[in-house]
Amino acid sequence: MSSIYSDIDPIRYEGPHSTNPLAYRWYDAQRVVLGKTLAEHLRPAVCYWHTFCWGGQDPFALGGNLFERPWFSGEPLAAAQLKLDAAFDFFQRLGMPFWCFHDRDVAPEGATLRESNAHVDAVLERAARKMQDTGVRLLWGTANLFSHPRYMSGAATNPDPEVYAYAAAQVKHVLEWTKRLNGENYVLWGGREGYETLLNTKLRSELDHYGRFLAAVVEHKHKIGFKGTILIEPKPQEPTKHQYDYDSATVYGFLKRYGLENEVKLNLEVNHATLAGHSFEHEVATAAALGILGSIDANRGDEQLGWDTDQFPNDHTALVPAMLEIIRFAGLGTGGMNFDAKVRRQSIDPLDQYEAHIGGLDTLARAFLCAAALHESGELERALDARYAGWSGELGRAIEAGASLEMLATQVHAQGLEPRPRSGRQERLENIVNRFV
Ligand code: XUL
Ligand code: CO
């Protein structure tokens, strides 16, 4: 099949010494580490929106697309089919096992929801055949509930119940398609579920509506027998001033309040963690500790720019701590690592898309290999066990079993306890990590 990618040979692993820009240097898909292949650990995915839909616009450009892609013009549905063919050609040449999409990325919005759904059906019927032919799988599907002006003031948290209903109808359709395409997860990113000003916002009502919306999604998942995981993607702000799904801990509180903490997990994005003022490993460790770590949107921000620049990961050392948390959590289950990342707008050639994904996947693979070696050495685990050793003793076990203040006060006096401070040994631990990166 010919596409704009036809002159690019399939990307292969050539090892760390390769200087070929179109080869993997670290991502050896079949290499076995910690009992599984790298492909099985990372489960990498290409996202449809940045790679095939974004035309290089920024807020200062005049309208229209900077990038030239054959599917940016012509009859919209035919263009969408052309885009799909090119996308599957791209996935295959890169050897990417998974993809992710929003309904409005794959097919154009129609004049009514019925028409929009018919467009989605036409393109996803073809996607189903493409997936069969190529073996590329769906990491997750999602509905775009943030681009159309109807969602200006939110979807599930819109002051107008008609918008809530419209969003529900849209999610129903994409959730059913995600099941049909054997998607591993379904994602909800609440891009406009938040506010611009509290002056026009009934915060309590909006949260209740959002909780009900999510419960309805979970109910429908069970009704249709979708076996994948429902994921919420936290982000603190952008596009709104404040988004309700601020970070891992906030979303956990929300899930608890609406009784959904055993039904919904998190899709954590690197650049969203930094926007929330956290490190990415903090978000991963918090979600893991709360039992809601689901999947990853891999990218990075820029230290000088305070917004979601969605750049491809390229610094493996920065990702080792998060990879270590994922390994400790025993992996992502149905989740994976989706490149929610876009090339810079001056990278106008199709070739740039390849080099971006190759570099991104090599970065993830290298970070994983470092974290796996660090984990296997047992050095950090031994230091942690030693630091918390008291909790396996008599006193520690009594406290964990629910000792009262009175019992503990009696014990402190009876035994004359005078605990001494002990070093946290942070520099030693940092030096250990540096031996593995
Ligand atoms: C936006 C973002 C979204 C979600 C899916 O910042 O990350 O692309 O990943 O809606
Ligand atoms: Co994302």
Side-chain angles (χ1 to χ4, degrees), residues 43-54 57-59 98-107 109 120 138-148 151 154-157 167 170-171 173-175 177-178 183-194 210 213-214 217 228-248 251 264-276 278 280 283-284 287 293-302 305-313 322 332 335-343 357 360 364:
R43 296 163 58 84
V46 175
C47 87
Y48 212 84
W49 49 103
H50 289 314
T51 303
F52 308 108
C53 305
W54 180 59
Q57 296 87 353
D58 75 9
F98 289 98
W99 69 300
C100 299
F101 71 88
H102 299 83
D103 48 359
R104 297 298 170 261
D105 311 330
V106 290
E109 177 115 19
V120 168
L138 180 63
L139 186 62
W140 45 265
T142 186
N144 179 328
L145 305 178
F146 45 86
S147 293
H148 192 280
Y151 295 125
T157 62
Q170 209 179 312
V171 168
H173 199 66
V174 191
L175 183 57
W177 261 111
T178 302
E184 306 264 325
N185 308 273
Y186 182 85
V187 164
L188 294 128
W189 169 57
R192 299 206 189 264
E193 315 296 12
Y210 200 16
F213 192 91
L214 192 54
V217 174
T229 311
I230 304 288
L231 300 172
I232 289 233
E233 183 173 325
K235 184 173 183 182
Q237 71 267 328
E238 199 204 15
T240 69
K241 175 183 165 61
H242 176 89
Q243 274 143 229
Y244 296 132
D245 300 328
Y246 201 92
D247 59 6
S248 293
V251 176
V264 178
K265 293 191 160 85
L266 300 184
N267 182 41
L268 295 174
E269 178 165 323
V270 182
N271 208 166
H272 296 181
T274 47
L275 281 178
H278 300 306
F280 182 53
E283 284 296 85
V284 172
L293 176 59
S295 199
I296 297 301
D297 267 7
N299 62 15
R300 80 185 143 101
D302 179 298
L305 305 175
W307 66 86
D308 195 10
T309 59
D310 283 337
Q311 289 169 250
F312 279 83
L332 293 171
M337 300 190 187
N338 167 45
F339 289 106
D340 194 351
K342 57 179 187 268
V343 295
H357 283 86
L364 296 188

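By convention here, the first residue in the shown sequence is residue 1. For ligands, and for the atoms within them, numbers begin at 1 and follow the listed sequence.
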K.L.:
Have Y151 and N144 got a donor and an acceptor in their side chains that come within less than 3.5 Å?
P.N.:
no

K.L.:
Ring centroid separation for F146 and W189, is it under 6.0 angstrom?
P.N.:
yes

K.L.:
For F213 versus V171, what's the shortest heavy-atom pair and its separation?
P.N.:
CZ-CG2, 3.8 Å

K.L.:
Measuring centre to centre across the rings, with the benzene-like ring taken for any Trp, is Y48 within less than 6.0 Å of W99?
P.N.:
yes

K.L.:
Does any non-hydrogen side-chain atom of L188 lie less than 4.5 Å from one of T142?
P.N.:
no

K.L.:
For a distance cut-off of 3.5 Å, show me each N or O of ligand 1 paired with any protein N or O, plus the separation.
P.N.:
residue	atom	partner	partner atom	Å
ligand 1	6 (O)	K235	NZ	3.0
ligand 1	6 (O)	H272	NE2	3.0
ligand 1	6 (O)	D308	OD2	3.1
ligand 1	7 (O)	E233	OE2	2.7
ligand 1	7 (O)	E269	OE1	2.7
ligand 1	7 (O)	H272	NE2	3.4
ligand 1	7 (O)	D340	OD2	2.8
ligand 1	8 (O)	W49	NE1	3.2
ligand 1	8 (O)	D340	OD2	3.2
ligand 1	9 (O)	E233	OE1	2.7
ligand 1	9 (O)	E233	OE2	2.9
ligand 1	9 (O)	D297	OD2	3.0
ligand 1	9 (O)	D340	OD2	2.9
ligand 1	10 (O)	H102	NE2	2.7

K.L.:
Name all residues meeting the salt bridge (Lys or Arg N to Asp or Glu O under 4.0 Å) criterion together with E184; count only those two or more places apart in sequence or in a different chain, and write none if there are none.
P.N.:
R43, R137

K.L.:
Any heavy-atom pair between the side chains of Q311 and V343 that's under 4.5 Å?
P.N.:
no

K.L.:
For D308, what residues pass the salt bridge (Lys or Arg N to Asp or Glu O under 4.0 Å) criterion, not counting sequence neighbours?
P.N.:
K235

K.L.:
Is any side-chain heavy atom of H278 less than 4.5 Å from a side-chain heavy atom of H272?
P.N.:
no

K.L.:
In total, how many protein N/O/S atoms does one find closer than 2.8 Å to the Co ion (ligand 2)?
P.N.:
4

